[in-house]
There are 2 protein chains.
Amino acid sequence: MLAPNAYASDCPTRQVLDRIADKWAVLVLGLLADGPVRFNRLRKAIDGLSQKMLSQTLKNLERDGLVHREAKATVPVTVEYSITPLGRTLSETVEAIRIWAESNIADVQQAQQRYDAISHHS
Amino acid sequence: MLAPNAYASDCPTRQVLDRIADKWAVLVLGLLADGPVRFNRLRKAIDGLSQKMLSQTLKNLERDGLVHREAKATVPVTVEYSITPLGRTLSETVEAIRIWAESNIADVQQAQQRYDAISHHS
DNA sequence: CAGTATCCTTTATGATACTG
DNA sequence: CAGTATCATAAAGGATACTG
């Protein structure tokens with residue numbers, strides 16, 4: 001069996017990478033990892049996320065089998081999004097990235113200041 | 001000490017997340033994790049990556065202290081990019097994502113086909 | 001409530017040409 | 001070789017209005 005080569009553009013792995021390389025998807029998945037959340041609640045929870053982008057992000061995540069959508073026949077309708085088992089396995093590795101970011105933000109910012117100070121006229 | 005909240009737009013952690021949520025950055029970092037590589041070699045190694053995007057990506061990675069740039073005074077000049085210790089710690093967690101993608105691509109594709117089959121007129 | 005549809009602006013990216 | 005500069009275009013995203 002051939003190992004996929006993520007450096008080739010026609011590799012399906014890169015499609016997955018592209019989806020994950022989506023800041024909204026990462027943040028949505030992170031929230032859903034803690035339990036089911038309704039549409040508007042997600043929207044309010046993630047600062048700067050527009051309705052359009054949320055809708056689009058959720059649709060992609062659902063299509064990829066990472067998130068489950070359940071509409072309840074109330075009036076008005078309520079829709080609950082939850083993470084799937086597959087999505088959960090992904091969210092765990094993505095969580096590692098968030099933790100890295102939180103742990104190393106100081107180093108990164110320091111590097112940025114050094115960089116900006118040395119000519120590299122921003 | 002306050003824990004950063006990645007869901008707030010003004011959180012520096014989200015800046016890091018945004019950088020990582022960049023498919024080219026992920027791919028470049030992945031290649032550099034295996035050893036130093038010159039500019040044009042990187043360009044050829046990553047399918048679909050234009051000179052402009054590579055240049056931009058490398059500049060960002062360097063500014064964040066994740067990648068080191070070293071110009072050698074040959075004629076013509078050769079520039080070698082290498083991963084920094086900080087970059088290496090990140091690349092290890094990012095590598096987990098690539099592995100996830102390669103391991104689960106089949107499930108994702110199957111989910112996509114199911115999704116597309118059920119109305120959801122693409 | 002949970003979206004969709006449309007329009008419009010901004011941003012990202014590609015192509016090309018040029019330089020130390 | 002390793003870029004930068006410029007222009008053109010495509011894609012992403014926001015605002016607003018509307019719907020089941």
Side-chain angles (χ1 to χ4, degrees), chain A residues 7 9-10 14-15 17-28 31-32 36-63 67-82 115-116 118-122, chain B residues 7 9-10 14-15 17-28 31-32 36-63 67-82 115-116 118-122:
Chain A
Y7 301 103
S9 63
D10 59 349
R14 206 151 109 177
Q15 295 173 19
L17 238 38
D18 285 359
R19 165 89 48 261
I20 298 162
D22 172 334
K23 66 173 177 176
W24 299 131
V26 168
L27 293 167
V28 167
L31 274 182
L32 292 181
V37 187
R38 277 177 299 113
F39 185 89
N40 277 327
R41 199 158 179 296
L42 276 172
R43 181 156 148 47
K44 284 172 203 154
I46 303 177
D47 200 28
L49 175 54
S50 72
Q51 189 176 35
K52 180 179 176 177
M53 283 299 96
L54 175 56
S55 172
Q56 199 171 296
T57 300
L58 285 169
K59 232 184 277 185
N60 286 333
L61 288 172
E62 191 196 354
R63 188 171 109 97
V67 156
H68 174 70
R69 177 186 185 275
E70 185 164 3
K72 296 176 180 178
T74 54
V75 181
V77 64
T78 64
V79 178
E80 196 170 78
Y81 288 92
S82 55
Y115 182 92
D116 292 344
I118 304 171
S119 76
H120 299 118
H121 38 72
S122 66
Chain B
Y7 301 104
S9 62
D10 58 350
R14 205 151 109 178
Q15 295 173 19
L17 238 38
D18 286 359
R19 165 90 48 259
I20 299 162
D22 173 333
K23 65 172 176 175
W24 299 130
V26 167
L27 293 168
V28 168
L31 275 182
L32 293 182
V37 187
R38 278 177 298 113
F39 186 89
N40 276 328
R41 201 160 177 294
L42 276 172
R43 180 156 148 49
K44 284 171 202 153
I46 302 177
D47 199 29
L49 175 54
S50 71
Q51 189 177 36
K52 179 178 178 178
M53 283 298 96
L54 176 56
S55 172
Q56 198 171 298
T57 300
L58 286 169
K59 231 183 277 183
N60 287 333
L61 288 172
E62 191 195 355
R63 188 172 108 97
V67 157
H68 174 70
R69 176 184 185 277
E70 185 164 3
K72 297 175 179 178
T74 54
V75 180
V77 64
T78 62
V79 179
E80 195 170 79
Y81 288 92
S82 55
Y115 182 93
D116 292 345
I118 303 171
S119 75
H120 299 118
H121 39 71
S122 66

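Below, all heavy atoms of this structure are taken into account, side chains as well, without hydrogens, waters or symmetry copies. Each chain gets a letter, A, B and so on, in the order its sequence line appears, and its residues count up from 1.
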Checking B/Lys72 now: which residues fulfil salt bridge (charged side-chain N to carboxylate O under 4.0 Å, His left out) with it, not counting sequence neighbours? B/Glu80

Residues that B/Phe39 engages under ring pair (Phe, Tyr, Trp, His ring centres under 6.0 Å), provided they are two or more places apart: none

Between C1' on D/dT4 and NE2 on A/His120, what's the gap in Å once rounded to a whole number? 14 Å

Identify, residue by residue, the members of residues 67-76 of chain A with a heavy atom below 4.0 Å from DNA chain D, and return them in order of residue number, or none. none

Under 3.5 Å, side-chain donor or acceptor atoms of residues 52-61 of chain B against the rest of the protein: list the pairs with distances, not counting sequence neighbours.
from, atom 1, to, atom 2, distance (Å)
B/Thr57, OG1, B/Met53, O, 2.7
B/Asn60, ND2, B/Gln56, O, 3.4

Residues forming a salt bridge (charged side-chain N to carboxylate O under 4.0 Å, His left out) with A/Asp47, sequence neighbours excluded: none

So which one's nearest nucleotide on DNA chain C is more toward 5', A/Thr78 or B/Lys23? A/Thr78

Less than 4.5 Å apart, any side-chain heavy atom of A/Leu17 and any of B/Lys23? no

Note, DNA chain C 5' to 3' with Watson-Crick or G-U pairs under 3.5 Å encoded as ( ), [ ], | and . gives ||||||||||||||||||||

Gap between atom CG of A/Asp22 and atom CG of B/Asp18 - 0.5 Å precision: 10.0 Å

Which part of the nucleic acid, if any, lies within contact of B/Val77, taking any heavy atom under 4.0 Å across all strands shown: a base, the sugar-phosphate backbone alone, or nothing? base

Rounded to whole Å, how long is the line connecting atom NZ of A/Lys59 with atom P of C/dG3? 9 Å

Non-hydrogen side-chain atoms of A/Leu32 and A/Leu42 separated by less than 4.5 Å: yes

Side chain to side chain donor-acceptor pair (under 3.5 Å) with A/Tyr81: which residues, sequence neighbours excluded? A/Arg69

B/Tyr7 meets the ring pair (Phe, Tyr, Trp, His ring centres under 6.0 Å) criterion, sequence neighbours left out, with none

B/Met53 atom CE is separated from D/dA10 atom P, nearest whole Å, by 16 Å

Rounded to whole angstrom units, what separation is found between the CG atom of A/Leu54 and the P atom of D/dA12? 17 Å

If I take atom CD in residue B/Gln56 and atom P in nucleotide C/dT13, what distance separates them, rounded to the nearest angstrom? 7 Å

So CD of B/Glu62 and NE2 of A/His120: to nearest 0.5 Å the spacing works out to 5.0 Å

Given C/dC1, is OP1 or OP2 found less than 4.0 Å from the side-chain N or O atoms of A/Tyr81? no

Dump the pairs, protein N or O against N or O of nucleotides 6-8 of chain D, anything under 3.5 Å, distances to one decimal.
none

side-chain contact (heavy atoms from CB on, under 4.5 Å) partners for B/Asn40, two or more places apart: B/Arg43

Do the side chains of A/Leu27 and B/Arg14 get nearer than 4.5 Å, heavy atoms only? yes

Is there a residue in residues 38-51 of chain B whose heavy atoms reach under 4.0 Å of DNA chain D, and which residues are they? B/Arg38, B/Phe39, B/Asn40, B/Gln51

Answer yes or no: is there a side-chain heavy-atom contact under 4.5 Å between B/Val26 and A/Ile20? no

